[in-house]
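Comments concern the structure below.
In this chain, residues are counted from 1 in sequence order.
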Amino acid sequence: MDNHSEILAAVGKFSKHYENFPVASFLIPSANRFTIQLIYWFARTADDIADEGQMTIEKRIELLNQIKDEFNAALNQFSKIEFMNLLGKEVNLNNLSSKHFFNLLSAFSQDVVKKRYCDFQEILDYCSRSANPVGRLILEIFNYRSEELMLYSDKICTSLQLINFIQDTQIDIRKDRLYYPINELKEFAVQEEEFLSLGFNSLIKNLIKFNVNRAADLMNQGKPLIKYLKGRLAIEIKWTVLGGLEILKKIEKADYNVMAIRPKISKFDYSKIFLKSLLKL
């Protein structure tokens, strides 16, 4: 199978993924939904190449570099992959910042080779490339381009990424990947070896609770974005925010033991959160 076929095969997997948030739901006008779906396909495809299957590190980097080259070509409609040309066309039509796509690829490439983070600043740097670009692209699609709104969006997206880290603690550990900063493990007197063996005690609980509270604080700092948005986009973003906070509530109810469970949002939860999103924040 050549690189183009492998990339296209990865594209086809996007619909099988569980998400904590609505991805271009019925709330998004159809004219914008296709663009958002293309962005999601791009991000999910690159993420799967970085994270799924049995490929070598070298092969993952090779394919991610290929995606980068194809995206570059697609901006001028020269990609060999029609999916990329469709994306390139939407980027140009909507005057989207191409740097956001390159930042996403940078984060996914980092995932292939980096397994530990020294401090929270390193985590924030990763989030600035792995999550924040998506929020900024959505704002650009709806022609919200002020830096103030972008910064609110960054808070929400960083929080969502942190929530996903906490939620996926077991999964990441099994991949020998740790998104809890090493200096914070030391601060909470948590032994890395015990953490990596999926142990759970009061020290680990305190560390996870600290991370849950930090993610909630960031989400609340980003909430003011919603009042600046209009129409169905405001409801969509509020739905996303409430979904993230619901996951944190589930982690709290589980006594922060993400070593034993992986909290998810059920269909009932989605419906309940949607109704809440129709109310004033």
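A donor-acceptor pair under 3.5 Å is absent between the side-chain atoms of Asp255 and the main chain of Asn257, judged by distance alone. In this structure, the side chain of Arg60 engages the main chain of Glu52 through a donor-acceptor pair within 3.5 Å. Looking only at distances, no side-chain donor or acceptor of Ser97 sits under 3.5 Å from a matching main-chain atom of His100.
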* Asked: Hey, mind stepping through Leu162 and Asn211 against side-chain contact (heavy atoms from CB on, under 4.5 Å) and telling me if it holds?
  -> CA-CA 8 Å; Leu162 296 177; Asn211 278 267; 5.9 Å; no
* Asked: Please walk me through it: do Glu192 and Leu178 pass side-chain contact (heavy atoms from CB on, under 4.5 Å)?
  -> CA-CA 9 Å; Glu192 184 176 341; Leu178 200 57; 4.3 Å; yes
* Stepwise, does the side-chain contact (heavy atoms from CB on, under 4.5 Å) test hold for Phe142 with Ile36? -> CA-CA 11 Å; Phe142 286 86; Ile36 293 174; 4.1 Å; yes
* Apply the test salt bridge (charged side-chain N to carboxylate O under 4.0 Å, His left out) to residues Lys175 and Asp172: give CA-CA distance (whole Å), side-chain angles for both, the deciding distance (0.1 Å), then the verdict. => CA-CA 5 Å; Lys175 295 176 180 177; Asp172 290 327; 5.5 Å; no
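Taking 4.5 Å as the limit, every side-chain heavy atom of Ile39 sits out of range of all side-chain heavy atoms of Glu90.
For Ala74 against Asn85, the heavy-atom pair with the smallest separation is CA-OD1, 3.6 Å. Heavy-atom minimum distance, Met150 versus Tyr144: CE-O, 3.4 Å. Heavy atoms only, all atoms of each residue included: Leu64 and Ala50 are closest at CD1-CB, 4.2 Å. Nearest heavy-atom pair, Ser153 versus Leu139, reported as atom, atom and distance to 0.1 Å: CB-CD1, 3.7 Å. Taking every heavy atom of both residues into account, Tyr180 and Ile166 meet most closely at OH-CA, 3.6 Å. Across all non-hydrogen atoms, the minimal contact from Met55 to Ile49 is CE-O, 3.5 Å.
A salt bridge links Arg116 with Asp176; the closest basic N to acidic carboxylate O contact falls under 4.0 Å. Salt bridge absent: Lys264 and Asp269 never bring a charged side-chain N and a carboxylate O closer than 4.0 Å. Ion pairing between Asp217 and Arg214 fails under the 4.0 Å rule for side-chain N and carboxylate O. Look at Arg136 and Glu147 and you find a salt bridge, because one of the NZ, NE, NH1 or NH2 atoms lies within 4.0 Å of a carboxylate O, short of that distance.
When the side-chain hydrogen bond (donor to acceptor under 3.5 Å, both in side chains) test is applied to Glu122, the partners found at least two apart in sequence or on another chain are Lys114. Residues passing the side-chain hydrogen bond (donor to acceptor under 3.5 Å, both in side chains) test with Glu58: none are found, sequence neighbours excluded. Every residue meeting the side-chain hydrogen bond (donor to acceptor under 3.5 Å, both in side chains) condition with Tyr179, not counting sequence neighbours, appears here in chain and number order: Asp111.
Side-chain contact check for Glu70 and Gln66: at least one donor-acceptor pair (N or O, by modelled atom type) lies under 3.5 Å. Between Asn220 and Lys223, the side chains place a donor N or O and an acceptor N or O closer than 3.5 Å (distance only, hydrogens not considered). Thr158 and Asn132 share a side-chain donor-acceptor pair at under 3.5 Å.
Among Phe83, Phe71, Phe108, the single residue meeting the ring pair (Phe, Tyr, Trp, His ring centres under 6.0 Å) criterion with Phe42 is Phe71.
Note on Tyr228: it clusters hydrophobically with Ile156, by side-chain heavy-atom contacts below 4.5 Å among ILVMFWY residues.
In this structure, Lys89 places its NZ atom where only 12 or fewer heavy-atom neighbours from other residues, nucleotides or ligands lie under 6.0 Å away. Open room surrounds NZ on Lys186; 12 or fewer heavy atoms of other groups in view lie less than 6.0 Å from it. Atom CD of Gln170 has more than 12 neighbouring heavy atoms from other residues, nucleotides or ligands inside a 6.0 Å radius.
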